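See below for the structure under consideration.
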There are 2 protein chains.
Amino acid sequence: MGISDRKEREKQEMRKLIIGTAMDMFINDGYEKTSIRNIAEKIEYSPATIYLYYKDKDELLYEVQGEAFAELYKAFEKEATSTEPMEKLEQLLHSYVKFGFEHPDLYDLMFILRSPMKAVSEDWPNCDESFDFLIKTITPCMDQLRFSDPGVAALSIWALGHGLISLFIRQRIKVMHLSDEEQRALITNTVDEYLRLIRK
Amino acid sequence: MGISDRKEREKQEMRKLIIGTAMDMFINDGYEKTSIRNIAEKIEYSPATIYLYYKDKDELLYEVQGEAFAELYKAFEKEATSTEPMEKLEQLLHSYVKFGFEHPDLYDLMFILRSPMKAVSEDWPNCDESFDFLIKTITPCMDQLRFSDPGVAALSIWALGHGLISLFIRQRIKVMHLSDEEQRALITNTVDEYLRLIRK
DNA sequence: AAACTTACTAAACGGTGTTTAGAAAATAAA
DNA sequence: TTTATTTTCTAAACACCGTTTAGTAAGTTT
């Protein structure tokens, strides 16, 4: 049955077209400002067509989140490569913060946006993967870290990185009355001092 | 002129009615799910009336943020009372996290929500106040802290607290597969270990 | 009592996510 | 090849949203 094969292929291509366009627009304009109608217009289909391929806007977000987490994981693999455990951990945190700086709108929809129920109730494959990378990086460092257990260590490191980036992205660091460049420098500085603090 | 006095009073009462109702609804349903139309319905006026007292929905948010920051500051004053600098700093961070746990929707609109331009461009009186409290609490601790300067110290402490609460509120800690209670306990634990880390 | 000012709202504008009913095109069967 | 069936798409509508406009009704002043 060659025809139904092609149809399946075309269906997958359409899904890719939609999700690719959605991702572009989420990155450029943010999730909230991107409407189903805008996406439809860009791909030259009617809005209703999108609903033949995705259940609702949340499902679009869910898919884009998946791709974004895959990108984060790739960044980890590329940038946290040291064979020395503590150095690898440092590279990992730097990589995380760098990702936030370079892809603020992706970071936003991954970690800040109110997540669709699907993402929090069912499991979240590509997110788990990145979190696993953190856990696996921490584990061999435990004897050199001033944390009581890996759970606390993971959450502490993640929370510090996330806190810095999300305060920056959502412009709350403005209360410190610093320029954009000064804010970035201070954040980098704060990361480095934190990494020094946690060492035994 | 008694009449214009009364009119002014009535005007202020109307503003209070609107902002009070808005705050209630922001707390119960969140900012995004609360519509001008719903607020108008609850106070039994037409939606257009609200625009005679507030420029737009952002201005409502701005005002509620102000009140929320005032509440946070009150919490600080009540709970961070020690005369011993380091102990006061610990009380402050605990107070911050407690505020987040107890008023998640207020915390959300203060620190997580995309803030209206007014809040970030002009100054933000009640937010400055709370941030000042942090700076003033940190300053006398500097000789006992493992930070190079107060700016880094302030941002580090804030980012850790904010990171924990915002990951919790936006349900990202779910990747750790813990119950709500376990998550809260882990957060408290992480705060305590952090406070231990930063001590000289 | 008439003129003026203030307080309010009905209705509309242009936007949103989403659903429905029906048209058009592609495929299968005759 | 023509008819029947399935698949693919969209126009239009529904129920919301924030906001503006134009006009009504009430209160105040002259």
Side-chain angles (χ1 to χ4, degrees), chain A residues 1-19 21-23 25-26 28-65 109 113-119, chain B residues 1-19 21-23 25-26 28-65 109 113-119:
Chain A
M1 258 299 178
I3 286 175
S4 65
D5 282 3
R6 173 176 55 79
K7 289 233 162 158
E8 181 56 30
R9 227 182 312 128
E10 282 172 353
K11 198 162 197 164
Q12 289 310 316
E13 268 168 37
M14 186 63 162
R15 284 178 66 96
K16 263 214 143 164
L17 176 63
I18 293 169
I19 216 66
T21 308
M23 189 161 184
M25 296 180 75
F26 289 172
N28 290 324
D29 312 326
Y31 174 75
E32 331 252 35
K33 282 183 186 162
T34 304
S35 69
I36 299 281
R37 284 171 156 90
N38 296 154
I39 298 171
E41 196 177 4
K42 183 159 271 178
I43 63 175
E44 298 178 292
Y45 280 86
S46 102
T49 301
I50 292 177
Y51 287 89
L52 300 174
Y53 295 88
Y54 291 96
K55 193 177 125 278
D56 53 25
K57 204 187 170 189
D58 271 1
E59 201 166 295
L60 247 46
L61 172 59
Y62 180 69
E63 293 274 304
V64 172
Q65 276 179 336
L109 65 84
L113 221 67
R114 240 176 256 287
S115 44
M117 274 308 103
K118 196 171 182 179
Chain B
M1 259 298 177
I3 286 175
S4 64
D5 282 5
R6 172 176 57 80
K7 291 233 162 157
E8 181 56 30
R9 228 181 311 127
E10 282 172 352
K11 199 162 197 164
Q12 290 310 318
E13 268 168 37
M14 187 63 162
R15 282 179 68 94
K16 265 215 141 162
L17 176 63
I18 294 169
I19 217 65
T21 308
M23 190 160 183
M25 296 180 75
F26 289 172
N28 289 324
D29 312 328
Y31 173 75
E32 332 252 36
K33 281 183 187 162
T34 304
S35 69
I36 299 281
R37 285 171 152 91
N38 295 155
I39 298 171
E41 196 178 4
K42 183 159 272 178
I43 62 175
E44 298 178 291
Y45 281 87
S46 103
T49 302
I50 290 177
Y51 287 89
L52 301 174
Y53 295 88
Y54 291 96
K55 191 177 127 277
D56 53 25
K57 204 187 171 188
D58 271 0
E59 201 165 297
L60 247 45
L61 173 58
Y62 181 68
E63 292 272 303
V64 172
Q65 276 179 335
L109 64 86
L113 222 67
R114 243 175 255 287
S115 45
M117 275 307 103
K118 196 172 183 178

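All values reported here derive from a predicted model rather than from experimental measurement. Numbered from 1 within each chain, the chains take letters A, B, ... in sequence-line order.
- Annotation for A:Glu10: atom CD counts as buried by contact number, over 12 foreign heavy atoms lying within 6.0 Å.
- Taking CD of A:Gln65 as the reference point, atom CD of A:Glu59 lies at 12.0 Å (rounded to 0.5 Å).
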Show me the protein contacts with nucleotides 11-16 of chain D, counting only N or O atoms at under 3.5 Å.
none

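- In this structure, CD of A:Glu32 is placed 16 Å from P of D:dC17, rounded to the nearest angstrom.
- Atom P of nucleotide C:dA7 and atom CD of B:Glu13 are separated by 13 Å, given to the nearest angstrom.
- The shortest distance between the side-chain N/O atoms of B:Tyr45 and the OP1/OP2 oxygens of C:dC8 is below 4.0 Å.
- B:Thr34 places a side-chain N or O within donor-acceptor distance of the main-chain N or O of B:Met25, the cut-off being under 3.5 Å.
- Distance check: A:Gln12 CD to A:Ile19 CD1 gives 11.5 Å after rounding to the nearest 0.5 Å.
- Rounded to an integer number of Å, the gap from A:Ile18 CD1 to D:dT8 C1' is 12 Å.
- Counting to the nearest Å, the C1' atom of D:dC17 and the CE atom of B:Met25 are 13 Å from each other.
- Listed in residue order, the members of residues 50-57 of chain A having a heavy atom less than 4.0 Å from DNA chain D are A:Leu52, A:Tyr53.
- The overall bend of the helix from C:dA1-D:dT30 to C:dA30-D:dT1, read as the angle between its terminal helix axes built from five base pairs each, is 30° when rounded to 10 degrees.
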Should A:Lys57 and A:Leu61 be marked as a side chain to side chain contact (heavy atoms under 4.5 Å, CB included) after you check the CA-CA gap, both sets of side-chain angles, and the distance that decides it? CA-CA 6 Å; A:Lys57 204 187 170 189; A:Leu61 172 59; over 6 Å; no
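- Within a 6.0 Å sphere centred on CD of A:Glu41, other residues, nucleotides and ligands contribute 12 heavy atoms or fewer.
- The shortest side-chain heavy-atom distance between B:Asn38 and B:Lys42 does not fall under the 4.5 Å cut-off.
- Side-chain contact between A:Thr49 and A:Ile18 is absent, with no heavy atoms from C-beta onward closer than 4.5 Å.
- One atom, CD of B:Glu10, and another, P of D:dG27, lie 11 Å apart when rounded to the nearest Å.
- The OH atom of A:Tyr62 sits 14.0 Å away from the CG atom of A:Leu109 when rounded to the nearest 0.5 Å.
- Following rounding to the nearest Å, A:Asp58 (CG) and C:dT16 (P) show an atom-to-atom distance of 17 Å.
- Taking 4.0 angstrom as the limit, B:Thr49 places a side-chain polar atom (N or O) nearer than this to OP1 or OP2 of C:dT9.
- Rounded to whole Å, the distance from CD on B:Gln12 to P on C:dA7 is 12 Å.
- Here the side chain of B:Tyr53 pairs no donor or acceptor atom with the backbone of B:Lys16 at under 3.5 angstrom.
- Between the side chain of A:Arg37 and the main chain of A:Pro47, no donor-acceptor pair closer than 3.5 Å is present.
- Atom CZ in A:Arg15 sits about 16 Å away from atom C1' in D:dT8, given to the nearest Å.
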